[in-house]
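Chain A is the first sequence line, chain B the second, and so forth, proteins listed ahead of strands; every chain is numbered from 1.
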Number of protein chains: 2
Amino acid sequence: MNNYEHVLVALRRVIRATDLHSKRLSKNAGLTGPQLLIMRTIRELGEVTIGTIADKVSLSQATVTTILDRLEHRQLVYRVRSTQDKRKVHAHLTESGADILSRAPNPLQEDFIKKFQSLHEWEQNMILASLQRVANMMDADDIDASPVLDVGPVLKDDGWKEKA
Amino acid sequence: MNNYEHVLVALRRVIRATDLHSKRLSKNAGLTGPQLLIMRTIRELGEVTIGTIADKVSLSQATVTTILDRLEHRQLVYRVRSTQDKRKVHAHLTESGADILSRAPNPLQEDFIKKFQSLHEWEQNMILASLQRVANMMDADDIDASPVLDVGPVLKDDGWKEKA
DNA sequence: TTTACACCTCTAACTATTAGAGGTCTTCGC
DNA sequence: GCGAAGACCTCTAATAGTTAGAGGTGTAAA
């Protein structure tokens with residue numbers, strides 16, 4: 001094994017981990033990426049308005065609204081309209097929402113970035129160079145993930161959104 | 001007494017009645033004209049949105065909102081956000097609101113218009129002519145009204161609108 | 001008479017929701 | 001495999017209500 005091969009192996013481990021992240025979430029935790037992201041934001045900021053969430057996660061308010069609709073329907077979050085400013089709505093995690101979130105997979109990508117940045121700069125550069133090479137070689141035959149959580153069906157519309 | 005004097009007396013009775021209408025409302029019933037108008041609209045239409053009220057009474061939504069704030073604070077009306085369309089808010093009369101409204105003075109002006117229009121045209125014309133004359137003579141030394149209702153202070157801000 | 005206060009009213013800005021349209025990805029039946 | 005259906009994401013535009021801010025009226029009290 002030469003150096004490149006070692007790098008390649010390491011990279012594959014990282015790629016596998018980050019790559020499987022979203023699949024784990026959507027298939028096993030019952031939470032999609034945006035859903036998880038929003039729930040984390042709520043946990044992090046506590047009582048938080050829809051607008052703030054939208055800013056934080058860089059989505060439109062409309063998008064956040066519809067995602068919250070789904071989460072609320074599954075009773076993972078709930079909304080409380082502000083009494084100070086009736087235009088505003090505060091989102092909260094329900095008990096079961098917080099519970100599920102605490103058992104949900106960590107944001108691997110962020111972890112990885114943090115770790116990557118703790119390396120020496122020449123290490124980062126080397127890895128980056130390898131990465132670009134590897135990208136050309138990669139034809140990933142990948143690995144299966146084991147189930148983690150189950151919050152309910154992601155791919156099942158039980159007709160909760162009754163039209164007016 | 002000649003004819004004009006009779007007319008004058010009759011007119012004064014009408015004028016007194018209509019003139020005192022708004023004063024009665026604001027000073028004795030504890031409800032201003034717009035407040036009463038909005039409450040009547042709610043009673044008439046039942047579960048009704050702010051927008052509909054605004055249309056009905058020809059005021060802006062913003063104005064209706066602030067008036068409803070005051071009425072709600074006095075517990076004469078309450079709001080319920082629609083579950084069908086969370087943008088919408090339905091206004092309702094509280095029990096005491098309905099009660100007070102039922103005992104509030106009638107919309108005298110409308111009554112008067114109706115009655116006036118039921119007269120013969122020549123009668124209307126005669127009265128109108130008299131009216132114009134009377135207007136020049138009138139230097140009303142008017143009558144006091146007796147209290148009717150008391151819903152609480154109109155001219156007292158008990159600091160309910162706490163700022164954010 | 002001046003001042004303060006309660007109220008009315010508006011426009012403009014703001015917050016959230018909904019409608020509607022277009023997109024991805026997965027699953028299911030042929 | 002391939003097409004259709006379902007669940008989801010995302011957006012812009014429209015809509016509903018609220019709030020900020022500014023200007024006005026009328027009453028009451030100093």
Find the distance [X]:[atom1] to [N]:[atom2] and express it as a whole number of Å.
X: A:Arg79; N: C:dT18; atom1: CZ; atom2: C1'; value: 12 Å
X: B:Asp69; N: C:dC8; atom1: CG; atom2: P; value: 11 Å
X: A:Leu68; N: C:dT18; atom1: CG; atom2: P; value: 12 Å
X: A:Leu71; N: D:dC9; atom1: CG; atom2: C1'; value: 13 Å
X: A:Leu36; N: D:dC9; atom1: CG; atom2: C1'; value: 15 Å
X: A:Gln35; N: C:dC25; atom1: CD; atom2: P; value: 17 Å
X: B:Ile67; N: D:dT19; atom1: CD1; atom2: P; value: 15 Å
X: B:His90; N: D:dA16; atom1: NE2; atom2: P; value: 12 Å

Practice item. Kindly say whether B:Lys88 contributes a backbone atom to a donor-acceptor pair with the side chain of B:Thr49 at under 3.5 angstrom? Key: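 No, because the side chain of B:Thr49 does not come within donor-acceptor range (under 3.5 Å) of the backbone of B:Lys88.
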Check your understanding: For the side chain of A:Thr65 and the backbone of A:Gln61, is there at least one donor-acceptor N/O pair under 3.5 Å apart?
Key -> yes
Review point. Please walk me through it: do A:Val48 and A:Val89 pass side chain to side chain contact (heavy atoms under 4.5 Å, CB included)?
Key: CA-CA 8 Å; A:Val48 67; A:Val89 169; over 6 Å; no
OP1 or OP2 of [N] versus the side-chain N and O atoms of [X]: is any pair under 4.0 Å?
X: B:Arg87; N: D:dA14; answer: no
X: A:Thr65; N: C:dA16; answer: no
X: A:Arg81; N: D:dA16; answer: no
X: B:Gln61; N: D:dA16; answer: no
X: A:Thr63; N: D:dC11; answer: yes
X: B:Gln84; N: C:dT17; answer: no

Check your understanding: Side chains of A:Met39 and A:Glu44: does their closest heavy-atom pair fall under 4.5 Å?
Key ->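 A side-chain contact is absent here, since even the closest heavy-atom pair is not under 4.5 Å.
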Check your understanding: Is the shortest heavy-atom distance from the side chain of A:Thr32 to the side chain of A:Gln35 under 4.5 Å?
Key ->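 Sidechains of A:Gln35 and A:Thr32: in contact.
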Side chain of [X] - closest among [options]:
X: B:Thr32; options: C:dA16, C:dC7, D:dT10; result: C:dC7
X: A:Asp85; options: C:dT18, D:dG17, D:dT19; result: D:dT19
X: A:Lys86; options: C:dC7, D:dT19, C:dA19; result: D:dT19
X: B:Arg70; options: C:dC7, C:dT18, D:dT19; result: C:dC7
X: A:Pro34; options: D:dC9, D:dT12, C:dT9; result: D:dC9

Practice item. Inspect the contact between B:Asp69 and A:Lys86 and indicate whether a charged nitrogen and a carboxylate oxygen are less than 4.0 angstrom apart. Key: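 Yes, charged N to carboxylate O under 4.0 Å.
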Study note, to complete from the structure: Contacts of A:His90 meeting ring pair (Phe, Tyr, Trp, His ring centres under 6.0 Å) (sequence neighbours excluded), chain-then-number -> none
Exercise for review: Could you identify which residues of residues 49-59 of chain B place a heavy atom less than 4.0 Å from some atom of DNA chain C, listed by residue number, or say none?
Suggested key: B:Leu59
Point to revise | Positive for side chain to side chain contact (heavy atoms under 4.5 Å, CB included) with B:Leu31, one of B:Ile100, B:Leu37, B:Ile38 | key: B:Ile100
